[in-house]
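Below: the structure, in structure tokens.
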Amino acid sequence: MYIEIIVVAAILIFVLVYRMNAGDKSYRFITKQFGNAYSKLSPYSFKVVHEKAKDLGQEYTTRQYITQVIAFGVVSAFVSYIYFYSIIWSIVYAVVAIGFVPYLAYLRCKKAYSEFIFEQIQVYTTNVIMEFNTTQSFVKSLEGVRDSGVLEDPILTDVKEMIQMAYSNGTIDEAVRFFNEKYDYYVVKNMHQLFIQITKEGSKDSGEALEGMLQDIDMLVENVYRDRMDRQNFYGQFLTFGLALYLLVVLVQFLLGDTSYLLLLEKWYVLLLLHGVIIINTFFLLKGIRFYHEDVGAE
């Protein structure tokens, strides 16, 4: 009896240690590569994020919702049944799993929105620099980008606000501070700082400095898209191994035999251990899914 309990406990410990180590090692390079690529989206409500995701065609369709509900329900019911051989527990876990579908849809919207904002920031910085090379005025550059049609809301609305603030105050300081606080990217701050220096102090080498900044932006965008593909490949592997860990109980049943396993299920502490395996594995699986969709890096 004690051997069987030790085997189940070992499975629980293995799942916990594997998840902790995988999370520490596998995400390290992602965090490092994306640390300077995206900004936090806290200033925006879910309503804004959801509407933009719909515009981008990234929101779940009704068919996708139904498919996920069925898939989550069937898979969770199957997994819980091979753990407990109980219809009741299968129903409970199926209902809980289906309850996560809206949350995953929310994470998908957040990811789509963060990528959209990053692309808009790249368009904003690149075009402001190009406009400045012609106008030699930061405010005129903003007006040129505003009227070019390359920006979309919310960036477009915020650029209009910057222009209004600059004319109202007679300086660009408050306008720059407003945009920097809303879009906390180092490339935005560096560009604005350079424009402040040019505006207040003048610079004979501004063209060369701005050209160097354009090259930095191009390099950043190239790295971001390369790392995005790496993240996608890793995410598929992460889900595959994560789902496979649920099936370790099959190994326990193979080692012990069906009869011995069913006898173990009559003990409350064995049931507790098995629930622990499912809960811990699910927790780390959701943590990884959230990292991929939402915690895509912050400066």
For this session: State whether the number of non-hydrogen atoms from other residues, nucleotides or ligands found under 6.0 Å of Tyr167 atom OH is greater than 12.
Result: yes

For this session: Determine the minimum heavy-atom distance between Ile129 and Ile217, stating which atoms define it.
Result: CD1-CD1, 4.0 Å

For this session: Look at the side chain of Ser148 and the backbone N and O of Val145, then say whether any donor-acceptor pair between them is shorter than 3.5 Å.
Result: yes

For this session: Could you tell me whether the side chain of Thr126 and the main chain of Val123 form a donor-acceptor pair under 3.5 Å?
Result: no

Exercise. Does atom CZ of Phe100 have more than 12 heavy-atom neighbours, drawn from other residues, nucleotides or ligands, at distances under 6.0 Å?
Worked result: no

Exercise. Given the side-chain rings of Tyr124 and Phe179, with only the six-membered ring counted for Trp, is the space between their centroids under 6.0 Å?
Worked result: yes

Exercise. Quick one: do the Gln120 and Tyr183 side chains pair a donor with an acceptor below 3.5 Å?
Worked result: no

Exercise. So with a 6.0 Å cut-off around CD of Gln164, is the heavy-atom count from everything else above 12?
Worked result: no

Exercise. Any sub-3.5 Å donor-acceptor pair from Gln136's side-chain atoms to Phe132's backbone N or O?
Worked result: yes

Problem set entry | Lys/Arg N to Asp/Glu carboxylate O, Glu174 vs Arg177, below 4.0 Å | no

For this session: Indicate yes or no for a side-chain donor-acceptor contact from Ser141 to the backbone of Ser137 under 3.5 Å, with no hydrogens or angles considered.
Result: yes

Problem set entry | Derivation and outcome, side-chain contact (heavy atoms from CB on, under 4.5 Å), residues Leu274 and Leu265 | CA-CA 9 Å; Leu274 291 174; Leu265 292 179; 3.5 Å; yes

Exercise. Under 6.0 Å between ring centres, would you say that holds for His192 and Phe138?
Worked result: yes

Problem set entry | Closest non-hydrogen atom pair between Val249 and Tyr83, with its separation | CG1-CE1, 3.4 Å

Exercise. Between Thr125 (side chain) and Gln122 (backbone), is there a donor-acceptor pair under 3.5 Å?
Worked result: yes

Exercise. Would you say Val252 and Val250 are hydrophobically clustered, going by side-chain heavy atoms of ILVMFWY under 4.5 Å?
Worked result: yes

Problem set entry | Over 12 foreign heavy atoms within 6.0 Å of CZ, Phe78 | no

For this session: Mark yes or no for whether Gln197, through its side chain, and Leu194, through its backbone, hold a donor-acceptor pair below 3.5 Å.
Result: no

For this session: Compute whether any side-chain donor of one residue and acceptor of the other, for Tyr246 and Thr282, lie under 3.5 angstrom apart.
Result: yes

